[in-house]
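Throughout, residue positions are numbered sequentially from 1 according to the sequence presented.
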Amino acid sequence: MKLAEGIRKLGFRKWYERELLQGHAHMVLWFLCLIGLVAAIEGSARSHPVGDQLMNLLSIVACAGMGYWAMRRYLYLLGHAETVANQAECPQCRTHGRLDLLRTDVNGDELDVRCRKCGQEWRISDDP
């Protein structure tokens, strides 16, 4: 979900919470892939038939690939959420996360927001 769409639909705080939950779900997937990787390595003994060894090799490659993707996605989601959250503090009254979305640019990467407490306007950039 794009930043502007998420804030417009859910509000900043709910959007931030969902980003963190989604990121941590990817961390759980990474951990499960790590367990699967260790189990597949353990099961790939030379005394097993060739078919079982090939299946274990396929499991190792699949778990390693999914684990790599899950960890990269986890780090991206957390970094993205923190980058935006660091900009979500009103420069005038220092209220954090209480903002209204005013407008976005064409790509949705730049958001103009207004503080709900004091009415100060500022820009939040979605670029990492």
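- The heavy-atom pair separating Ala85 from His96 by the smallest distance is O-CE1, 2.9 Å.
- Within 6.0 Å of the CE atom in Met55, the count of heavy atoms belonging to other residues, nucleotides or ligands does not exceed 12.
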*With side-chain contact (heavy atoms from CB on, under 4.5 Å) as the test, would you mind laying out the steps for Cys33 and Tyr68 before giving the verdict?*
CA-CA 9 Å; Cys33 287; Tyr68 177 74; over 6 Å; no
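- Taking a cutoff of 4.0 Å between a charged side-chain nitrogen and a carboxylate oxygen, Arg114 and Asp100 do not qualify as a salt bridge.
- Hydrophobic clustering (side-chain heavy atoms under 4.5 Å, transitive across Ile, Leu, Val, Met, Phe, Trp, Tyr) groups Leu20 together with Met71.
- The CG atom of Asp112 lies 7.0 Å from the CD atom of Glu121; values are rounded to the nearest 0.5 Å.
- Considering every non-hydrogen atom in both Cys115 and Thr95, the closest pair reads SG-CB, 4.3 Å.
- With His24 as the fixed residue, the ring pair (Phe, Tyr, Trp, His ring centres under 6.0 Å) test singles out one of Phe31, Tyr74, Trp30: Tyr74.
- Note that CG of Leu10 and CD1 of Ile7 are 9.5 Å apart. Values are rounded to the nearest 0.5 Å.
- Across Leu111 and Ala4, no two heavy atoms sit closer than the pair CD2-CB, 3.4 Å.
- Leu78 is not connected to Trp69 by any chain of hydrophobic side-chain contacts under 4.5 Å among Ile, Leu, Val, Met, Phe, Trp and Tyr, and they are in different clusters.
- Note on Leu34: it clusters hydrophobically with Met27, by side-chain heavy-atom contacts below 4.5 Å among ILVMFWY residues.
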*CA sep, side-chain torsions, deciding dist, call: Gln53, Ser44, side-chain contact (heavy atoms from CB on, under 4.5 Å)*: CA-CA 5 Å; Gln53 287 181 357; Ser44 63; 5.6 Å; no
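- The minimum heavy-atom distance linking Ala40 with Ser59 is given by the pair CB-CB, 3.9 Å.
- The two residues Cys90 and Cys93 have their closest heavy-atom pair at SG-N, 3.5 Å.
- Between Gly6 and Trp15, the closest heavy-atom pair is CA-CD1, 3.9 Å.
- Below 30°, between 30° and 60°, or above 60°: for His80 and Tyr76 the angle between ring planes is below 30°, a parallel geometry.
- Annotation: the span from Asp126 atom CG to Gln87 atom CD amounts to 8.5 Å, rounded to 0.5 Å.
- Residues Arg72 and His26 fail the side-chain proximity criterion, which asks for heavy atoms closer than 4.5 Å.
- We find the CG-CD1 distance between Leu3 and Ile124 to be 7.0 Å, quoted to the nearest 0.5 Å.
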*Test side-chain contact (heavy atoms from CB on, under 4.5 Å) on Tyr16 and Val84 and set out the steps.*
CA-CA 9 Å; Tyr16 181 69; Val84 174; over 6 Å; no
*Might you work through the side-chain contact (heavy atoms from CB on, under 4.5 Å) test for Trp122 and Leu99, ending with a clear yes or no?*
CA-CA 10 Å; Trp122 75 98; Leu99 50 90; 4.1 Å; yes
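- Hydrophobic cluster membership for Leu32: Val28 (Ile, Leu, Val, Met, Phe, Trp, Tyr linked by side-chain heavy atoms under 4.5 Å, directly or transitively).
- Classification of Arg103 and Glu110 as a salt-bridged pair fails, no side-chain N sitting under 4.0 Å from a carboxylate O.
- Atom CD of Glu19 is separated from atom CG of Leu77 by 5.5 Å, given to the nearest 0.5 angstrom.
- Annotation: side-chain contact (heavy atoms from CB on, under 4.5 Å) contacts of Arg8 (sequence neighbours excluded): Leu101, Thr104.
- To the nearest 0.5 angstrom, Arg116 atom CZ is 6.0 Å from Arg98 atom CZ.
- More than 12 heavy atoms of other shown residues, nucleotides or ligands fall within 6.0 angstrom of atom CZ in Arg123.
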